[in-house]
Amino acid sequence: MTGYADPHRRASYDELSPETRAVHAGQYPEEHAGALSVPVHMSSTFERAVVLDGGWDYSRIANPTRAALEHCLAALEGGSGATATASGMAAITTTVLATCHAGSHVVVPDSIYGGTWDLFSSVLSRWGVRTAVVDMSDLGAVAAAIMPDTSLVWVETPSNPRLRITDVAAVADLAHEAGAVLAVDSTFASPYLQQPLALGADLVIHSTTKYLGGHSDVTGGVIVSGSEAMAELIDRTSGVIGGVAGPMDAWLVLRGTKSLPVRMRHVSAAAMRIAEMLTAHPAVARVHYPGLHSHPQHDLAKRQMTDFGGVVSFEVRGSREDAAAVCARTRLFTLAVSLGSVESLIQHPANMTHCTTGGTQAAVPETLVRLSIGLEDVDDLVADLDAALDQGATLAG
Ligand SMILES: *Cc1c(COP(=O)(O)O)cnc(C)c1O
């Protein structure tokens, strides 16, 4: 959906804080019999007064519940329009199909979500899309990888699972010099912690399955566009491809989004505490968290983000098996993929989310463990991790 002026109360959300936008943007009781919770419009088609009346038409193209979510997320990112999709991967696929063609050249980071890696390396490669894989923290390498015919530069920051930070403003300049589109997967930050469009990105992608949904009960994605023209291109492409969010899923994400600011503040504080505890732990070799002074891009993260988020990863001392064993020993941290929910999760990327990257440029350390911090009491979480790590040390010793 495009066009985000509030039809009932205000001209714009620009002057309102994210907390207020999260609760109200796109959600107008006046349009829904006074309902404070936007109704779930379970209808595939809509009656028209005449042949062309400008109203709702068909739910693949637009649906009132999905539109409310799209308005809300566009307002949170400061975008010109948003398109909600059936999953984060549907958002990524739609973005690539809208901005590339057979033979296109794309620059992707070497620290990247496993599914995105698979899409470029094993699906789009069959369609002739050429990819250059670079360390995005090295701006010289990014500049060298961008070709005169590069269509798209893909950024993921913070990256999954190594929490690398990419300088969005600097990479936007490099992409735009070559006439390429810059898309940023901002899933780990959520719209609350960073605003890639304000830094120069053309498109922002989220897996709404994660922080925006926030409750492990829905799969979804969104593409937010920085210009009207881009918003229209993405919306039209998504409507044709058809990987759109269903009304019930859109409603669940909309409900989760209302509490996003409160949850992001909580998990950022708790993750900082856990990153510090892990740094001091003898069974841990290295901690990856952008909030730590020891993070190589801490200053950039501080500049680009308002806080550092709820994902922490760390390398255990020992072997791949030792890392897998730590994941199996926690009692409160649930051994499961995904992130950004109320429940704290632990997983072993080399065996789970990033198993297909082994032996490639996007491979992750075998001893890496990834945590997603939830809303449980942080002292309980620290004690759980301590016990899982100490037990390992005792067994090994
Ligand atoms: C989970 C995730 C995706 C994919 O989203 P789905 O909703 O699982 O399709 C993309 N990027 C990042 C950074 C993710 O964490």
Side-chain angles (χ1 to χ4, degrees), residues 69 73 77 82-97 106 108-124 136 152 154-166 168 183-194 196 201 203-224 238 241 243-246 249-250 252-253 256-257 260 264 267 271 288 290 305 308-313 336-341 343 345-349 352-357 362 364 368 370-374:
L69 172 65
L73 298 183
E77 282 290 4
T83 300
T85 55
S87 67
M89 289 312 302
I92 295 170
T93 304
T94 299
T95 301
V96 177
L97 294 183
V106 179
V108 301
D110 66 357
S111 184
I112 185 169
Y113 176 66
T116 313
W117 175 256
D118 286 345
L119 177 70
F120 281 109
S121 65
S122 61
V123 179
L124 293 167
M136 291 257 174
L152 176 66
W154 191 267
V155 164
E156 188 177 302
T157 186
S159 73
N160 185 353
R162 281 185 284 164
L163 287 305
R164 298 279 183 81
I165 307 296
T166 296
V168 175
V184 176
D185 183 337
S186 192
T187 297
F188 271 38
S190 88
Y192 189 62
L193 300 183
Q194 73 187 9
L203 297 166
V204 179
I205 284 81
H206 292 280
S207 165
T208 58
T209 312
K210 314 293 170 53
Y211 286 110
L212 285 158
H215 294 74
S216 311
D217 53 11
V218 62
T219 300
V222 70
I223 307 152
V224 187
S238 176
I241 293 171
V244 297
D249 290 352
L252 283 165
V253 175
T257 298
L260 177 78
M264 291 316 288
V267 299
H288 305 267
M305 305 174 73
F308 307 104
V311 181
V312 181
S313 64
V337 299
S338 201
L339 59 103
S341 182
E343 306 90 3
L345 304 178
I346 189 167
Q347 66 111 2
H348 185 221
M352 297 170 75
T353 49
H354 287 69
C355 60
T356 60
T357 64
V364 296
L368 190 74
R370 190 188 76 189
L371 304 175
S372 171
I373 311 305

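Treat the numbers as computed from the prediction; the structure is a model and nothing was measured. Order of appearance sets the numbers: ligands from 1, and atoms from 1 within every ligand.
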With nothing but distance in play, are any N or O atoms of [X] less than 3.5 Å from an N or O of ligand 1?
X    : value
D185 : yes
T116 : no
T219 : no
G88  : yes

For the residue pair [X] and [Y], what are the closest heavy atoms and their distance?
X    : Y    : result
I92  : T116 : CD1-OG1, 3.4 Å
V222 : A82  : CG2-CB, 4.1 Å
P158 : M305 : CG-CE, 3.7 Å

(request) Could you pull out all residues at least two apart from Y113 that satisfy ring pair (Phe, Tyr, Trp, His ring centres under 6.0 Å)? (result)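 Checked Y113 against ring pair (Phe, Tyr, Trp, His ring centres under 6.0 Å); zero matches.
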(message) So L119 and T93, do their side chains get closer than 4.5 Å, heavy atoms only?
(response) yes
(message) Give me the residue, atom name and distance of the protein heavy atom closest to atom 8 (O) of ligand 1.
(response)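 Ranking protein heavy atoms by distance from atom 8 (O) of ligand 1, first comes Y113 OH, 3.8 Å.
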Show which atoms of ligand 1 fall inside a sub-4.0 Å distance from at least one heavy-atom site of [X].
X    : result
N160 : 15 (O)
G220 : 7 (O)
S87  : 7 (O), 9 (O)

(message) Heavy atoms only: which of M89, K210, H206 lies closest to atom 14 (C) of ligand 1?
(response) K210
(request) Output yes when a side-chain donor or acceptor of H206 lies under 3.5 Å from a complementary backbone atom of A189, and no otherwise. (result) no
(request) Determine yes or no for a side-chain-to-main-chain donor-acceptor pair under 3.5 angstrom, with S87 supplying the side chain and T219 the backbone. (result) no
